[in-house]
Amino acid sequence: MGLFGRFRQWLTSSPADSYKKGHPDLNPIDVPQLVAELGLLAEARRLGEKNIPATDETSLTGPEAQALQRVEKCRQDYVDWAKTRLAVINTDLQRQEIAGRINQARQADREFERRAAALLSEQEAILRSFGQASASRKQELEDFKSEHGLKRDARYPTHAWAVVGYALLPLMTVFEGAVNAQFFATGVTGGLIEGFGLAFMLAGVNVLIAYLLGRFFVRFVHHRRLALKLCGVGALALSVIAMAAIGLGIAHYRDALNAENAEAARAALEAYKAHPLDLKDVFSWVLFGVTVMFGGGALYDGLKADDSYPGYGRLARAARDAEENYESELDHLRTKVNELKDEELELLEETVRHASASITRFSELIQSKSAAHSRLMTALRDADNSLEAVLKQFRTENQLHRTAPRPRYFSESPQLRYLELPDFDTANDERALQEQKDLVAILEREVQDIRGRIQAAFNSQFDRLKPLNSNFPVKVAA
């Protein structure tokens, strides 16, 4: 194999292959196989017939040296395996170090308190701004109630009912238009469809005007100040007049359509000015009544869209929304603080579980280190015995086929090369194991107290998140 081939083999070989290569259990020295591979018996006969080695020879023959080299290679592989195995075990032992985690777990309450305080300090400005805004709105509301002599809470529709109230406007317009279309259909050339279009337009004007008057002006009849109360009364009177005027106008327009006037609008206006109450038939009066009825419904809808006292509902909603914003932010912070507490408690439980598992694993690794040392020493002894067995077969066969006396060194075993063995001493590991057991025992004794301290710290931080009235009291005027 060339240089490039050896480099490629090294590059593509995996650590697992290297580990298996020197494993004593996977690579024992097979004496018969080694003897056969080296052809020792044939070489022993060939050399014996030539009385080689000489009687006074002190050096190993070539076949003996090859056998020695193979055994030395196996011994070195065993030592390399042992070094690799020891490094892996020591690395795993270092990973089982739990003193830092245990000491951190014993300070879990302080860590939680630090994190919670940092969170609250970070959000304190936002929470205070919401609280001040809410307190300001509530104070405005209390001042308004005191100024206007209001003892009751504001009454206004919820969001859902407000949507229903707004939806009633187009429904009333459509329904009034559908009813009025029946009265207009006989007087327009387009029949029911054109009559509905005309009626829908007039109904929309009627409903919209009545709603706006009720929504923004008529409610002033409840105002405390006389001038504004009179304005409300005036708006109510104006609403009645407007509904009646619109109703009479629509009824006169119907009469003009039924009379088949070329200019129905002009004729209706002149008749309206001259004789406003002079309608031609009972259906025109029915049309007038329908118009006034739907106008009254729109006026009532406008009144119920908010509290009957002008401005009270708007201030009450503003105060409610501001308080809800504050409470929402408060609940958000409480949730975050509770999550921090749960994280610390879970981390504490995880540390206890991990510590117990680490102790077990630490003990297993110490046993693995001792077992690896024992396996190495056994493999080295087996290698020595294997070398002796291989050389014995060679020398015995050589002696059988020679006529000269055997060399003196045949009675001796060759000196094996010195190997620097890895240190498998476990005394320090045993001490570290005992220290970790002591730490785990301390943690297990203190874990209930740590949980209690975390809960106490949680309660302390939670008490900082007080309701709005506690942090921002509102002065109620007498």
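For the single chain, residues carry numbers from 1 onward in sequence order.
In this structure, the separation between OH on Y211 and CG on L299 is 11.0 Å, given to the nearest 0.5 Å. Between the CD atom in E111 and the CD1 atom in I454 there is a gap of 10.0 Å [rounded to 0.5 Å]. The CG atom of L345 sits 10.5 Å away from the CD atom of E343 when rounded to the nearest 0.5 Å. Between the CD atom in E388 and the OG atom in S413 there is a gap of 4.5 Å [rounded to 0.5 Å]. A distance of 11.5 Å separates CD of Q436 from OG of S363, quoted to the nearest 0.5 Å. To the nearest 0.5 Å, the span separating OG on S308 from CZ on F220 amounts to 12.0 Å.
The residues R395 and E64 are annotated as salt-bridged, a charged nitrogen and a carboxylate oxygen being separated by less than 4.0 angstrom. At a threshold of 4.0 Å, the pair E57-R408 does not count as salt-bridged, since none of the basic side-chain nitrogens sits closer than that to a carboxylate oxygen. The residues R75 and D384 are annotated as salt-bridged, a charged nitrogen and a carboxylate oxygen being separated by less than 4.0 angstrom. Between R317 and D321 no salt bridge is recorded (no basic side-chain N to carboxylate O distance below 4.0 Å). Contact check on E446 versus R106 returns a salt bridge, with a Lys/Arg side-chain nitrogen under 4.0 Å from an Asp/Glu carboxylate oxygen. By the 4.0 Å N-to-carboxylate-O rule, R451 lies close enough to E349 to be salt-bridged with it. A salt bridge links R152 with D307; the closest basic N to acidic carboxylate O contact falls under 4.0 Å. Ion pairing between E37 and R70 holds under the 4.0 Å rule for side-chain N and carboxylate O. Salt-bridge check for E113 with R110: failed, with every basic side-chain N at 4.0 Å or more from each acidic carboxylate O. A salt bridge links R353 with E346: the closest approach of a Lys/Arg side-chain nitrogen to an acidic carboxylate oxygen falls below 4.0 angstrom. Ion pair K341/E344 not flagged as a salt bridge, since none of the NZ, NE, NH1 or NH2 atoms sits closer than 4.0 Å to an Asp/Glu carboxylate oxygen. Salt bridge D306/R314: absent, no basic N to carboxylate O contact under 4.0 Å.
For the pair F362/E97, no side-chain contact is recorded, criterion being any heavy-atom separation below 4.5 Å from C-beta on. Between P422 and R85 the shortest side-chain heavy-atom distance does not fall below 4.5 Å. Between P414 and L391, the closest side-chain pair of non-hydrogen atoms falls below 4.5 Å. Between R402 and K50, every side-chain heavy-atom pair lies at or beyond the 4.5 Å cut-off. Two residues are said to be in side-chain contact when any heavy atoms from C-beta on lie closer than 4.5 Å; L68 and L416 meet this criterion. You'll find the side chain of Q393 stays beyond 4.5 Å of the side chain of E397, heavy atoms only. At least one side-chain heavy atom of S136 sits under 4.5 Å from a side-chain heavy atom of E140.
Within 6.0 Å of the CD atom in E350, the count of heavy atoms belonging to other residues, nucleotides or ligands exceeds 12. Within a 6.0 Å radius of CZ in F410, more than 12 heavy atoms belonging to other residues, nucleotides or ligands are found. More than 12 non-hydrogen atoms from other residues, nucleotides or ligands lie less than 6.0 angstrom from CD of Q107. For K304, the NZ atom is loosely surrounded, since the number of other residues' heavy atoms within 6.0 Å does not exceed 12. Crowding of F424 atom CZ: a count of heavy atoms from other residues, nucleotides or ligands under 6.0 Å exceeding 12.
In terms of modelled atom types and a separation under 3.5 Å, the side chain of T335 and the main chain of D331 share a donor-acceptor contact. Between the N398 side chain and the I52 main chain, a donor and an acceptor come within less than 3.5 Å of each other. No donor-acceptor pair closer than 3.5 Å links the side chain of Y78 to the backbone N or O of R375. Judged by distance alone, with hydrogens and angles left aside, the side-chain atoms of R219 form a donor-acceptor pair with the main-chain N or O of L303 at under 3.5 Å. Between the T396 side chain and the K392 main chain, a donor and an acceptor come within less than 3.5 Å of each other. A donor-acceptor pair is defined here as one N or O able to donate and one able to accept, closer than 3.5 Å; no such pair exists between the side chain of S146 and the backbone of E142. The backbone N or O of R417 sits less than 3.5 Å from a side-chain atom of E72, completing a donor-acceptor pair. The backbone N or O of I102 sits nowhere less than 3.5 Å from a side-chain atom of T351 that would complete a donor-acceptor pair. No donor-acceptor pair closer than 3.5 Å links the side chain of S134 to the backbone N or O of G131. Judged by distance alone, with hydrogens and angles left aside, the side-chain atoms of S386 form a donor-acceptor pair with the main-chain N or O of D382 at under 3.5 Å.
Side-chain contact check for S358 and H354: at least one donor-acceptor pair (N or O, by modelled atom type) lies under 3.5 Å. For R361 and Q96, the side-chain atoms include no donor-acceptor pair closer than 3.5 Å. There is a side-chain donor-acceptor pair under 3.5 Å between N51 and T403. When only modelled atom types and interatomic distance are considered, Q94 and N90 share no side-chain donor-acceptor pair under 3.5 Å. There is no side-chain donor-acceptor pair under 3.5 Å between R381 and N385. Looking at D438 and Q434, their side chains do bring a donor and an acceptor atom within 3.5 Å of each other.
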Taking it one step at a time, do Y312 and K145 satisfy side-chain contact (heavy atoms from CB on, under 4.5 Å)?
CA-CA 8 Å; Y312 192 22; K145 290 172 65 175; 3.4 Å; yes

Given the rule in the side-chain contact (heavy atoms from CB on, under 4.5 Å) test, do V79 and L421 qualify, once you have shown the distances and angles that lead to the verdict?
CA-CA 7 Å; V79 172; L421 302 182; 3.8 Å; yes

Hey, mind stepping through L127 and L333 against side-chain contact (heavy atoms from CB on, under 4.5 Å) and telling me if it holds?
CA-CA 9 Å; L127 185 64; L333 282 179; 3.9 Å; yes

Would you check, one step at a time, whether the test salt bridge (charged side-chain N to carboxylate O under 4.0 Å, His left out) holds for E147 with R224?
CA-CA 9 Å; E147 179 183 356; R224 188 178 188 183; over 6 Å; no

Under the side-chain contact (heavy atoms from CB on, under 4.5 Å) rule, what do V207 and D301 come out as? Steps first, then yes or no, please.
CA-CA 10 Å; V207 169; D301 190 29; over 6 Å; no

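For the pair I359 and L433, the tightest heavy-atom approach, listed with the atom from each and the gap, is O-CD1, 3.9 Å. Across every non-hydrogen atom of A316 and A154, the tightest pair is CB-CB, 3.5 Å.
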